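Written below as structure tokens is the structure these notes are about.
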There are 2 protein chains.
Amino acid sequence: MSDKKPTINDVARQAGVSKRTVSRVLNGSASVGERTRILIQQVIEKLDYSPDKQARGLASSRSYLLGLIYDNPDALYIDQVQRGVLDICTRRGYELVVHPCQYQSKNLVQESLSFIRRSRIDGVIVLPPVSESRELAAALREEGCQYVRMASVDLDDHANIVVSDDRAAVSEMARYFVSLGHQHIGFISGPLNYRSSTERLEGFRDSLRAQGLDLTQDSIAEGRNSYDSGLECANRLLSQNPRPTAIFANNDEMAAAVLRVAVSMNIRVPEQLSVAGFDDNILASRIIPSLTTIQRPVAAMATLAAQKIIQAIESHGNQVQRDDFLVKPHLIIRESAGPYSDN
Amino acid sequence: MSDKKPTINDVARQAGVSKRTVSRVLNGSASVGERTRILIQQVIEKLDYSPDKQARGLASSRSYLLGLIYDNPDALYIDQVQRGVLDICTRRGYELVVHPCQYQSKNLVQESLSFIRRSRIDGVIVLPPVSESRELAAALREEGCQYVRMASVDLDDHANIVVSDDRAAVSEMARYFVSLGHQHIGFISGPLNYRSSTERLEGFRDSLRAQGLDLTQDSIAEGRNSYDSGLECANRLLSQNPRPTAIFANNDEMAAAVLRVAVSMNIRVPEQLSVAGFDDNILASRIIPSLTTIQRPVAAMATLAAQKIIQAIESHGNQVQRDDFLVKPHLIIRESAGPYSDN
DNA sequence: TTGTATGCGTTATCAT
DNA sequence: ATGATAACGCATACAA
């Protein structure tokens with residue numbers, strides 16, 4: 001059963017041509033006779049031949065490996081990205097190598113370069129918040145490694161980034177809150193040294209202002225995107241008098257923390273307090289009350305990123321598609337937000 | 001800046017030896033003079049040389065790539081496994097290539113082999129429920145590809161498997177339920193064609209029986225491990241009269257569904273109904289009431305699997321460690337279960 | 001203990 | 001349009 005894996009030589013021999021010609025059809029060279037091309041393809045099919053990536057890479061100094069660099073602990077997000085990327089790259093002949101890292105580490109750049117070099121990774125997709133690192137992007141460029149960043153802000157050449165329009169999304173949320181009648185709104189932000197955090201904070205604030213409402217400094221609590229930090233922030237916000245009638249959190253984890261604190265303080269949601277999050281992770285639809293939130297088209301972003309990076313790798317410096325880089329998240333309305341109605 | 005990456009030849013030249021000798025120290029051969037070894041290592045360090053995986057693999061027909069095959073949609077689980085595996089394999093010079101698949105697909109085996117062949121994957125770690133596939137394991141063995149299965153049942157040579165003792169864990173849960181005073185207990189199982197499901201069902205039932213209680217056929221509902229199926233099962237179980245005072249679900253997703261149904265039926269948890277799940281996924285600690293559940297030491301299982309597979313790859317057929325293959329999950333007590341106390 | 005020569009499966013440089 | 005042949009960077013029989 002263990003027929004050795006067929007090589008390009010086997011194909012060449014059975015087709016009665018030289019391996020160079022087989023190589024030509026493999027790489028889609030134009031200068032191959034129509035009938036020989038067909039013949040060779042038949043032999044390839046018959047032998048179930050596929051070129052060896054190692055040898056191919058050794059000769060062409062490529063690996064057919066894509067890397068995924070990330071730190072963000074939201075597992076659902078990562079899983080969706082992986083599947084989205086694989087959906088594209090498998091059919092284009094690439095594999096995906098994962099590389100969790102630590103955004104805050106001082107060795108981030110060095111560590112990432114080491115990862116890329118030791119396997120000759122052809123290109124990497126970088127997830128937030130690591131994607132916000134200016135240094136890493138610069139190092140990648142210098143290394144000659146193709147990359148695509150996924151982010152919430154437009155901070156690179158459009159060939160190298162896929163961004164979700166978080167500003168528009170939180171703006172929609174702000175309008176929704178106001179439409180429900182809320183005037184005193186609390187905001188739990190992410191770490192303010194993350195661009196994604198400031199972008200959402202500003203977007204939300206600007207939208208409120210446009211509707212004649214103010215997001216005062218008192219109504220803003222800076223979290224760390226973790227559940228625990230969400231508890232702290234919620235406690236602070238809900239201890240105020242008067243307290244906000246609605247709270248928007250930078251992610252679902254922290255929104256879930258708000259729900260928890262509300263329960264402990266005997267505040268009914270959504271009657272006495274509206275809550276909303278960001279991400280639409282698994283928590284959002286399962287928790288009780290279910291969470292009104294914002295959903296990014298993660299899989300779409302991932303496939304787009306994969307397409308971009310493969311295109312960049314294979315176009316080898318020629319012009320690439322730059323228009324298609326922006327996706328729009330949308331509001332998911334569930335149970336945790338509603339009009340204030342304290343009967 | 002772009003000094004070309006140094007090769008084994010560069011090292012050999014600067015050290016004034018042949019590449020064969022350099023190769024020897026790279027692979028830890030014993031027969032190398034002490035001073036030459038040291039000299040060579042110094043040169044390697046100085047040049048920041050590391051052997052090229054592609055070339056190395058081409059010559060030795062290995063890839064230094066590990067594969068991760070899975071279908072299970074619990075993202076948290078997958079993420080934990082990835083990090084656990086990487087923790088080991090990166091430092092041993094391997095990379096991890098991910099491969100989501102469809103357990104139910106008729107092409108599972110063929111598809112997996114294709115994955116392995118096209119990148120010459122050295123070994124794969126297979127996650128449940130795919131790990132239960134007898135056919136896949138057989139195909140892997142025949143292909144000569146090393147593998148380690150992660151499972152809930154001991155269904156392979158101990159060199160090829162890491163199992164969590166789910167039976168012991170659910171047994172502990174059953175005892176806990178009984179200790180709380182429950183007599184009428186419901187059970188929402190996973191698909192009964194999964195060994196993990198039957199194992200947990202039997203373990204739970206046996207433990208109840210040992211305590212003089214019966215798990216009647218009426219008290220068992222077969223779910224599909226999904227939230228929606230959990231809703232259906234919970235509805236059925238809770239519509240019975242008298243209804244169970246406690247329900248154990250095969251995973252947290254379905255347990256969360258029970259909580260949802262309880263709310264809709266105005267049943268208070270845990271006062272009127274105790275609920276428990278399995279997995280301790282992110283949901284479990286965030287949902288209100290938080291979920292009593294069972295936690296598997298996933299990261300530990302993953303590192304163990306990684307160690308086993310690398311050992312198998314590098315021992316090339318020699319004896320390998322077989323003792324260490326079993327891990328013990330443990331009970332996590334939270335809010336969703338307690339004594340019945342309908343005041 | 002060390003070195004020489006060959007092969008791994010491709011791509012790429014030349015011819016023809 | 002097609003074909004010899006040399007890289008690519010390393011491991012490994014086989015010598016010495």
Side-chain angles (χ1 to χ4, degrees), chain A residues 3-41 43-44 47-65 93-94 117-120 122 313-314 316, chain B residues 3-41 43-44 47-65 93 117-122 313-314 316:
Chain A
D3 303 318
K4 311 234 97 180
K5 200 184 167 195
T7 78
I8 197 173
N9 290 309
D10 300 324
V11 177
R13 191 174 335 111
Q14 289 215 23
V17 298
S18 82
K19 57 198 276 191
R20 183 67 183 91
T21 303
V22 177
S23 177
R24 283 197 177 89
V25 340
L26 284 178
N27 297 295
S29 164
S31 49
V32 175
E34 194 52 25
R35 52 192 177 191
T36 49
R37 142 165 289 126
I38 294 179
L39 170 60
I40 290 176
Q41 278 168 338
V43 176
I44 288 179
L47 264 48
D48 187 29
Y49 162 80
S50 73
D52 182 289
K53 276 184 185 144
Q54 309 231 11
R56 203 178 210 194
L58 183 56
S60 59
S61 69
R62 283 177 45 189
S63 64
Y64 295 89
L65 257 30
Y94 291 79
R117 284 179 185 144
R118 66 176 182 249
S119 295
R120 269 183 160 42
D122 290 336
I313 291 168
E314 301 189 338
H316 212 72
Chain B
D3 302 318
K4 311 234 98 183
K5 201 183 167 196
T7 78
I8 195 175
N9 289 309
D10 300 324
V11 177
R13 191 175 334 111
Q14 290 215 23
V17 299
S18 82
K19 55 196 276 192
R20 182 65 182 95
T21 304
V22 177
S23 177
R24 283 199 176 87
V25 340
L26 284 179
N27 297 294
S29 165
S31 49
V32 174
E34 195 50 27
R35 52 192 177 193
T36 50
R37 141 165 292 125
I38 293 180
L39 171 60
I40 290 176
Q41 277 168 338
V43 175
I44 287 180
L47 264 47
D48 188 29
Y49 163 80
S50 73
D52 183 289
K53 273 184 187 146
Q54 311 233 8
R56 204 178 209 193
L58 183 58
S60 59
S61 68
R62 284 178 44 190
S63 64
Y64 295 89
L65 256 30
R117 285 180 184 143
R118 66 177 182 249
S119 295
R120 269 183 159 42
I121 303 286
D122 291 335
I313 291 169
E314 301 189 339
H316 211 71

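Note that the structure is a prediction, hence the values are computed from the model and not measured.
- Among all heavy-atom pairs drawn from Ala12(B) and Ser18(B), the shortest one is CB-C, 3.8 Å.
- Within a heavy-atom distance below 4.0 Å of DNA chain C, the residues of residues 18-33 of chain B found are Ser18(B), Arg20(B), Thr21(B), Arg24(B), Ser31(B), Val32(B), Gly33(B).
- Put simply, OH on Tyr49(B) and CG on Asn9(B) are 8.5 Å apart, with the number rounded to the nearest 0.5 Å.
- Atom-to-atom distance recorded for Lys53(B):NZ and Arg118(A):CZ is 5.5 Å, nearest 0.5 angstrom.
- Counting 5' to 3', DNA chain D first comes under 4.0 angstrom of a heavy atom of chain A and last does so at the ends given by dA1(D) to dG9(D).
- Between Val11(B) and Leu26(B) there is no side-chain heavy-atom pair separated by less than 4.5 Å.
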Side-chain donor-acceptor pairs of residues 55-62 of chain B under 3.5 Å, sequence neighbours excluded:
{"from": "Arg56(B)", "atom 1": "NH2", "to": "Asn27(B)", "atom 2": "OD1", "distance (Å)": "3.3"}
{"from": "Ser60(B)", "atom 1": "OG", "to": "Arg56(B)", "atom 2": "O", "distance (Å)": "2.7"}
{"from": "Arg62(B)", "atom 1": "NH2", "to": "Tyr94(B)", "atom 2": "OH", "distance (Å)": "2.7"}

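- For residues 9-33 of chain B, the salt bridge (charged side-chain N to carboxylate O under 4.0 Å, His left out) pairs, not counting sequence neighbours, are Asp10(B)-Arg13(B).
- Evaluation of the side chain to side chain contact (heavy atoms under 4.5 Å, CB included) rule for Ser50(B) yields Lys5(B) as partners, not counting sequence neighbours.
- Note that CZ of Arg117(B) and CG of Asp48(A) are 7.0 Å apart. Values are rounded to the nearest 0.5 Å.
- Residues from residues 52-65 of chain A with heavy atoms under 4.0 angstrom of DNA chain C, sorted by number: Asp52(A), Ala55(A), Arg56(A), Ala59(A), Ser60(A).
- Minimum interatomic distance between Ser63(B) and Ile121(B) (heavy atoms only, all atoms of both residues): OG-CA, 3.7 Å.
- Each end of the helix from dT1(C)-dA16(D) to dT16(C)-dA1(D) gets its own axis from five base pairs, and the two axes differ in direction by 30°, given to 10 degrees.
- Nucleotides of DNA chain C with any atom under 4.0 Å from a heavy atom of chain A span, from 5' to 3', dG9(C) to dT13(C).
- Going from atom CG of Leu47(A) over to atom OG1 of Thr7(A) covers 9.0 Å, rounded to the nearest 0.5 Å.
- Val22(B) places a side-chain heavy atom less than 4.5 Å from the side chain of Val17(B).
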Name the atoms and distances for all side-chain donor-acceptor pairs under 3.5 Å in residues 32-40 of chain A, with sequence neighbours left out.
{"from": "Thr36(A)", "atom 1": "OG1", "to": "Gly33(A)", "atom 2": "N", "distance (Å)": "3.4"}
{"from": "Thr36(A)", "atom 1": "OG1", "to": "Gly33(A)", "atom 2": "O", "distance (Å)": "2.8"}
{"from": "Arg37(A)", "atom 1": "NH2", "to": "Ser29(A)", "atom 2": "O", "distance (Å)": "3.1"}

